[in-house]
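These notes concern the structure reproduced below.
All ligand and atom numbering here is 1-based and tracks the order in the structure. Hydrogens, waters and symmetry mates are skipped; everything else that's a heavy atom, side chains included, is used. Since we're looking at a predicted model, the values are computed, not measured.
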Amino acid sequence: MLKSIFDTVTLNDGSSMPGFGYGCYKSFGHDLARGLREAVECGYRYIDTAEFYDNEETVGEVLHSCHVPREQLYVVSKIWPTNFADPVASLEQSLRRLRLDFLDAYLLHWPGVSCERRLFAYDQLLREQQKGKIRVLGVSNFLMPHLDELYQIMGVRPALNQVEIQPCFSQPELREYCAQRAIRVISWGPLGRGKTIESPVVKALANARGKTPAQMILRWHIEKGLTAIPKSVHVERVRENCQVFDFSLTEAEMAVLDDLNSTAHTGRSSPNDPMTFAG
Ligand code: NAD
């Protein structure tokens with residue numbers, strides 16, 4: 001169990017990464033710079049971006065000027081499925097924008113609809129990994145059939161799979177599948193994109209504990225062994241979201257949050273289904 005924001009977890013390739021991170025989706029310019037500077041100041045070391053977010057330049061600028069040594073940062077970017085035909089161009093562009101020589105992890109952002117194209121991209125990126133431009137090659141929004149396919153055709157179990165997970169959409173089967181194969185799951189939308197913190201159930205639990213709803217949910221991710229990457233550009237929230245290492249949830253509290261999955265019907269916040277989303 002993570003004890004501090006600086007704790008790392010070991011991946012199935014033997015490498016390690018921070019167990020908690022900072023999400024950069026839909027953050028731009030001064031807002032992003034302010035939020036990210038505060039995040040780094042608070043100790044967030046895993047920074048999550050993507051070519052699709054159109055903010056890698058700002059992320060690069062802030063990280064370049066933040067005085068945290070490169071080897072202590074863990075920078076993750078992603079390739080969008082419509083670019084799978086030329087993954088090296090996407091990777092080079094992300095590196096240039098981020099002002100980095102290598103990415104700590106690079107993920108296929110969505111599987112897309114073509115097995116041939118995603119496997120082509122994965123194979124090409126394995127070569128870039130061998131050249132040292134990517135430390136860990138992983139995936140995002142891959143469901144069990146996509147992961148089975150990657151294993152059956154290429155013999156690969158990726159170290160990372162970043163998927164939508166939060167109490168109202170907790171994907172227990174996928175989590176179990178990944179746990180059995182030592183694939184580390186990163187929870188995107190860990191707060192239900194701001195929606196789940198508004199749940200009266202979560203608010204009541206939080207009030208009873210003297211914590212905020214966001215803290216209760218982020219602690220739920222930690223106790224589940226998930227890497228959460230909450231996003232906020234507000235400095236107070238950035239701080240609040242990482243004050244989750246000094247308390248535990250009781251079994252009863254975990255059960256109440258777990259139960260949101262069955263009562264919410266679909267807590268999915270993305271309209272995109274990984275089985276059909278072309279990008
Ligand atoms: P999130 O669940 O982190 O929610 C973010 C929203 O919650 C913020 O916009 C803010 O409104 C609110 N919020 C945050 N902290 C709060 C607090 N303490 N109190 C009150 N409100 C608070 O949603 P997200 O940004 O979509 O997901 C997190 C990260 O996951 C992204 O920034 C991105 O890096 C990644 N992501 C990846 C994918 C993917 O397909 N791989 C998709 C979406 C997001």
Side-chain angles (χ1 to χ4, degrees), residues 18 20-28 31-32 34-36 38-39 42 44-56 58-59 74-82 94 98 103-112 118 138-143 146 158 160-171 174 184-199 202-203 206-207 211-221 226-244 260 264 267-275 277-279:
F20 195 77
Y22 180 74
C24 295
Y25 185 36
K26 292 192 177 169
S27 306
F28 304 98
D31 285 346
L32 169 59
R34 188 189 55 224
L36 180 53
E38 182 62 25
C42 288
Y44 293 77
R45 292 292 176 266
Y46 160 16
I47 312 302
D48 190 86
T49 184
E51 61 174 359
F52 182 74
Y53 300 171
D54 201 16
N55 61 15
E56 290 172 310
T58 307
V59 171
Y74 198 92
V75 185
V76 177
S77 192
K78 316 183 192 83
I79 175 173
W80 196 245
T82 50
S94 287
L98 287 160
L103 286 170
D104 295 277
Y106 194 48
L107 313 181
L108 267 54
H109 202 146
W110 288 83
R118 69 180 156 261
V139 297
S140 175
N141 296 299
F142 272 45
L143 302 183
H146 304 117
L160 297 172
N161 188 17
Q162 184 179 121
V163 289
E164 180 177 8
I165 290 188
Q166 47 106 354
C168 296
F169 189 68
S170 65
Q171 308 218 52
L174 180 59
R184 179 79 188 176
V185 175
I186 302 170
S187 309
W188 70 251
L191 301 170
R193 295 188 142 167
K195 223 170 110 193
T196 304
I197 41 191
E198 296 301 327
S199 151
V202 178
K203 282 185 174 171
N207 282 341
K211 298 290 173 190
T212 67
Q215 289 169 331
M216 293 300 276
I217 296 173
L218 293 169
R219 186 67 211 181
W220 175 89
H221 288 272
L226 299 161
T227 297
I229 48 171
K231 170 239 164 166
S232 178
V233 293
H234 301 287
V235 291
E236 326 73 47
R237 289 178 174 177
V238 172
R239 280 185 218 134
E240 172 191 327
N241 290 349
C242 67
Q243 287 161 7
V244 290
L260 288 174
R268 183 192 283 282
S269 57
S270 167
N272 306 322
D273 178 343
M275 297 307 291
F277 182 56

Open item on the list: Below 3.5 Å, N or O to N or O, backbone or side chain included: is there any such pair between Glu240 and ligand 1?
Closed with: yes
Task: Polar atom proximity, Leu191 to ligand 1 (N or O, under 3.5 Å) - done: yes
Task: Selected option - heavy-atom contact closest to atom 29 (C) of ligand 1, from Asn241, Ile229, Leu218, Val238 - done: Ile229
Open item on the list: Within ligand 1, which atoms have a heavy atom of Ser140 less than 4.0 Å away?
Closed with: 39 (C), 41 (N)
- [ ] Considering the heavy atoms of Pro230, write down every atom of ligand 1 situated less than 4.0 Å from one of them.
- [x] 3 (O)
Open item on the list: Can you confirm whether Phe28 sits close enough to Tyr53 that some side-chain heavy atom of one is under 4.5 Å from a side-chain heavy atom of the other?
Closed with: no
Open item on the list: Which of the numbered atoms in ligand 1 are under 4.0 angstrom from any heavy atom belonging to Gly192?
Closed with: 2 (O)
Open item on the list: Tell me which one of Ser269, Ser232, Pro167, Pro230 satisfies side chain to side chain contact (heavy atoms under 4.5 Å, CB included) with Leu191.
Closed with: Pro230
Task: Within-4.5 Å side-chain heavy-atom neighbours: Ile186 and Val76 - done: no
- [ ] Return a yes/no value for Ile197: is any of its N or O atoms, backbone included, closer than 3.5 angstrom to an N or O of ligand 1?
- [x] no
- [ ] Can you sort out which atoms of ligand 1 are near Asp48, meaning under 4.0 Å from one of its heavy atoms?
- [x] 33 (C), 34 (O), 35 (C)
- [ ] Out of Val76, Ile217, Asn141, indicate the one that has the non-hydrogen atom closest to atom 40 (O) of ligand 1.
- [x] Asn141
- [ ] Decide yes or no for Phe20 and Cys242: does some side-chain heavy atom of the first lie under 4.5 Å from some side-chain heavy atom of the second?
- [x] yes
- [ ] Please could you name the atoms of ligand 1 that His109 approaches to less than 4.0 Å, counting only its heavy atoms?
- [x] 39 (C), 40 (O), 41 (N)
- [ ] Using modelled atom types only, decide if a donor and an acceptor are shared between the side chain of Tyr74 and the backbone of Asp48 within a distance under 3.5 Å.
- [x] no
Task: Within-4.5 Å side-chain heavy-atom neighbours: Cys42 and Tyr22 - done: no
TODO: Taking the side chain as every heavy atom from C-beta outward, state whether His146 and Arg118 have any pair of such atoms under 4.5 Å apart.
DONE: yes
Task: Atom indices of ligand 1 within 4.0 angstrom of Ala214 heavy atoms, with elements - done: 17 (C), 18 (N)
TODO: Before signing off on this row, confirm whether Pro190 and ligand 1 have an N or O atom pair separated by under 3.5 Å.
DONE: yes
Task: Proximal atoms of ligand 1 relative to Gly23 (non-hydrogen, under 4.0 Å) - done: 29 (C), 31 (C), 32 (O), 34 (O)
Open item on the list: Regarding Glu164 and Ser270, do their side chains bring together a donor and an acceptor under 3.5 Å, going by distance alone?
Closed with: no
- [ ] Test side chain to side chain donor-acceptor pair (under 3.5 Å) on Thr212 and Glu240 and set out the steps.
- [x] CA-CA 8 Å; Thr212 67; Glu240 172 191 327; 2.7 Å; yes
TODO: Any atoms of ligand 1 less than 4.0 Å from a non-hydrogen atom of Gln162? List them with their elements.
DONE: 35 (C), 36 (N), 37 (C), 38 (C), 39 (C), 41 (N)
TODO: Could you name the option among Glu198, Arg237, Gln215 that has the heavy atom nearest to atom 16 (C) of ligand 1?
DONE: Arg237
Open item on the list: If you define the side chain from C-beta out and look only at heavy atoms, does anything of Phe169 sit under 4.5 Å from Thr196?
Closed with: no
Open item on the list: I'd like to know if the side chain of Lys78 reaches the main chain of Thr49, judged simply by a donor and an acceptor atom lying under 3.5 Å from each other, with no hydrogens or angles considered.
Closed with: yes
TODO: For atom 14 (C) of ligand 1, grab the closest protein heavy atom and report residue, atom and distance to one decimal in Å.
DONE: Lys231 O, 3.1 Å
TODO: Could you check which of Phe277, Trp110, Tyr53 puts a non-hydrogen atom nearest to atom 36 (N) of ligand 1?
DONE: Tyr53
